[in-house]
Amino acid sequence: MNDDEPSHPGRLRTTLRSLAPDLSPWRESRDFRLLWTSGCVTSFGGFLTFVAVPMQIKELTDSSFAVGLIGAVELVPLIVFGLWGGALADALDRRKLVLRSEIGLGLLAALLLLNALLPHPVLWPIYVVAALVAACDGLQRPALDSLLPRLVPHEHLSAAFALKSLYHNVASIAGPALAGVVVAFSGVQTAYALDVLTFAVSLLLLVRIKAVPPATGAERPSVRAVLTGIRYAWSRKDLLGTYAIDMCAMLFAFPVAVFPFLASELDADWALGPMYAASAVGALLIGATSGWTSRVHRHGRLLVVAAVAWGASMALAGLTANIWIVLLGLALAGGADEISGIARSTMWNQSIPDEVRGRMAGVELLSFSVGPQLGQVRAGTMAGLIGARAAVWTGGLACVAAVLAVAAALPKLLAYDDRTDPHTTAVREQHHRQAEQAEQAEEAEEDAAV
């Protein structure tokens with residue numbers, strides 16, 4: 001063996017290091033560490049309430065319709081306030097907007113707790129709080145998403161999203177299980193109380209993040225500002241491709257609503273829980289080995305490949321009668337969705353200028369919120385007509401066809417390359433200027449203090 005050639009153990013260590021998540025954002029940005037830890041805490045708290053609310057409604061009404069109504073009351077506030085929240089994120093200090101929304105969400109969790117502690121809890125306040133939570137979430141998420149590019153160096157944005165998705169996937173697996181245990185043994189009151197506590201911890205972390213003021217000459221929040229953001233999105237055909245592909249993937253191949261019926265058709269009612277968890281397991285495996293994504297430059301192509309893999313994996317899950325292959329297909333789909341999410345978020349954060357980043361985050365919120373809602377309706381309707389298995393595999397194949405059609409119709413998506421894209425180059429330069437200005441401001445404050 002050549003002396004310069006690494007040994008087999010050495011090659012294995014090199015390979016493992018290349019797959020391990022890139023921790024550069026964590027090491028280099030104190031504010032990213034605070035934001036990441038805050039998100040980790042509130043994710044687990046959110047799942048407690050996510051499980052407790054439908055459980056409480058079931059206990060109060062014993063009606064599946066009443067439980068399903070939660071999704072309906074949340075949709076409109078999320079859309080309206082998501083767009084408005086994007087305009088606010090471009091006009092105000094994003095950190096303050098995140099903080100104020102977090103306070104609002106914490107107070108709403110406290111209202112759920114107070115209602116649950118009543119001798120006879122009332123139903124209607126749960127729906128009101130659910131709608132208000134959706135509104136606060138719509139206001140917060142654009143600011144939260146557009147905050148990340150201001151806290152992390154431009155070249156580490158892909159790694160930052162992978163780290164962010166890592167805790168989300170862990171919470172998606174462990175959160176519902178933990179919530180189920182808490183609700184079963186301690187009641188919904190304990191779940192709500194723990195959620196309130198997580199908001200308190202999150203606020204203590206978020207308040208320590210530096211101010212993130214709006215860009216110079218930022219447009220005042222208004223309907224006109226929202227329309228300006230929508231026109232910008234329409235002018236960027238590569239961005240339109242990301243929104244359209246995400247919508248197609250969720251519309252045609254998001255069959256979560258029919259999982260109970262699919263499990264029954266396969267005589268595997270025991271597998272319902274694993275079905276819900278399988279996609280999160282696949283996503284977690286990709287997140288834990290996401291180091292390679294930092295070396296990808298053609299994110300549009302990566303997105304198309306991942307979305308095709310998502311649809312094909314869902315088709316596999318629907319075509320087989322073997323429950324283990326179904327679970328494998330769902331896990332593969334979750335991994336593909338994780339890759340798709342990394343590709344989309346990297347494109348968005350790398351190529352959208354800061355002055356419209358909040359409004360674009362509002363548009364993105366619509367693309368990944370409305371799609372799953374419509375996908376649930378499609379899956380449920382098709383399952384009623386042709387059966388659950390057929391609804392899953394036909395949706396998967398339709399997803400593949402739709403994604404390929406979008407890619408053919410929008411060639412700028414496939415042409416995207418962060419090394420040569422003019423939008424990305426301009427944003428990279430803007431990001432470096434902002435970092436230099438922030439450093440100069442900190443040095444000036446230190447000199448004044450001395």
Side-chain angles (χ1 to χ4, degrees), residues 35-78 81-82 85 98-141 144 167-207 256 273 276-277 280 369 373:
L35 187 66
W36 189 93
T37 307
S38 166
C40 186
V41 171
T42 53
S43 286
F44 279 94
F47 275 110
L48 289 167
T49 296
F50 178 76
V51 171
V53 165
M55 181 63 71
Q56 186 180 20
I57 294 176
K58 180 179 181 298
E59 291 174 353
L60 292 175
T61 67
D62 197 28
S63 166
S64 59
F65 174 78
V67 174
L69 194 58
I70 282 289
V73 302
E74 290 174 338
L75 184 58
V76 173
L78 188 62
F81 286 91
V98 169
L99 272 172
R100 291 168 182 171
S101 302
E102 195 80 349
I103 292 171
L105 290 167
L107 291 175
L108 291 170
L111 289 178
L112 287 175
L113 173 60
L114 291 175
N115 183 56
L117 291 173
L118 293 174
H120 302 286
V122 184
L123 178 63
W124 66 264
I126 301 176
Y127 290 115
V128 173
V129 170
L132 292 174
V133 166
C136 281
D137 193 35
L139 290 174
Q140 185 187 64
R141 258 201 271 180
L144 200 57
Y167 75 67
H168 176 74
N169 291 324
V170 171
S172 297
I173 298 170
L178 174 64
V181 172
V182 170
V183 170
F185 288 95
S186 300
V188 296
Q189 299 92 336
T190 302
Y192 293 145
L194 290 174
D195 193 17
V196 172
L197 181 61
T198 64
F199 279 114
V201 174
S202 174
L203 284 169
L204 292 175
L205 294 166
L206 291 174
V207 77
V256 176
Y276 284 116
S369 296
Q373 298 283 354

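What's counted below: heavy atoms across the whole structure, side chains too, no hydrogens, waters or symmetry copies.
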Practice task
State the CG-CG distance between Asp137 and Leu144, to the nearest 0.5 angstrom.
Solution key: 9.0 Å

Practice task
Can you run down the salt bridge (Lys or Arg N to Asp or Glu O under 4.0 Å) pairs that involve residues 113-125, sequence neighbours left out, and say none if there aren't any?
Solution key: none

Output a table of donor-acceptor pairs, distance under 3.5 Å, between side-chain atoms of residues 39-50 and any protein atom two or more places apart or on a different chain; print 'none' if there are none.
residue: Thr42; atom: OG1; partner: Ser38; partner atom: O; Å: 3.0
residue: Thr42; atom: OG1; partner: Gly39; partner atom: O; Å: 3.3
residue: Ser43; atom: OG; partner: Gly39; partner atom: O; Å: 2.8
residue: Thr49; atom: OG1; partner: Asp195; partner atom: OD2; Å: 2.5

Practice task
First locate atom CG of Leu203, then atom CZ of Arg100, and finally report the distance between them rounded to the nearest 0.5 Å.
Solution key: 13.0 Å

Problem - For the student: nearest non-hydrogen atoms of Ala191 and Ala52, plus distance - result: CB-CB, 3.9 Å

Exercise for the section: Apply side chain to side chain donor-acceptor pair (under 3.5 Å) to Glu74 and list each qualifying residue two or more places apart in sequence or on a separate chain. Expected result: none

Exercise for the section: Can you sort out the partners of Val129 under side chain to side chain contact (heavy atoms under 4.5 Å, CB included), two or more places apart, ordered by chain and number? Expected result: Leu108, Leu111, Leu112, Val133

Problem - Leu205 CG to Leu99 CG distance, which is reported to the nearest 0.5 Å - result: 10.5 Å

Practice task
Enumerate the residue pairs fulfilling side chain to side chain donor-acceptor pair (under 3.5 Å) with a member in residues 101-122, sequence neighbours excluded, ordered by first and then second residue.
Solution key: Glu102-Gln140, Glu102-Ser202

Please tabulate, for the side chains in residues 179-188, all donor-acceptor contacts under 3.5 angstrom to protein atoms that are two or more places apart in sequence or on a different chain.
none

Problem - Pairwise distance CZ(Phe199) to CG(Leu107) - rounded to 0.5 angstrom - result: 10.0 Å

Exercise for the section: Work out which heavy atom in Val196 is nearest to a heavy atom in Gly106; give both atom names and the distance. Expected result: CG2-O, 4.3 Å

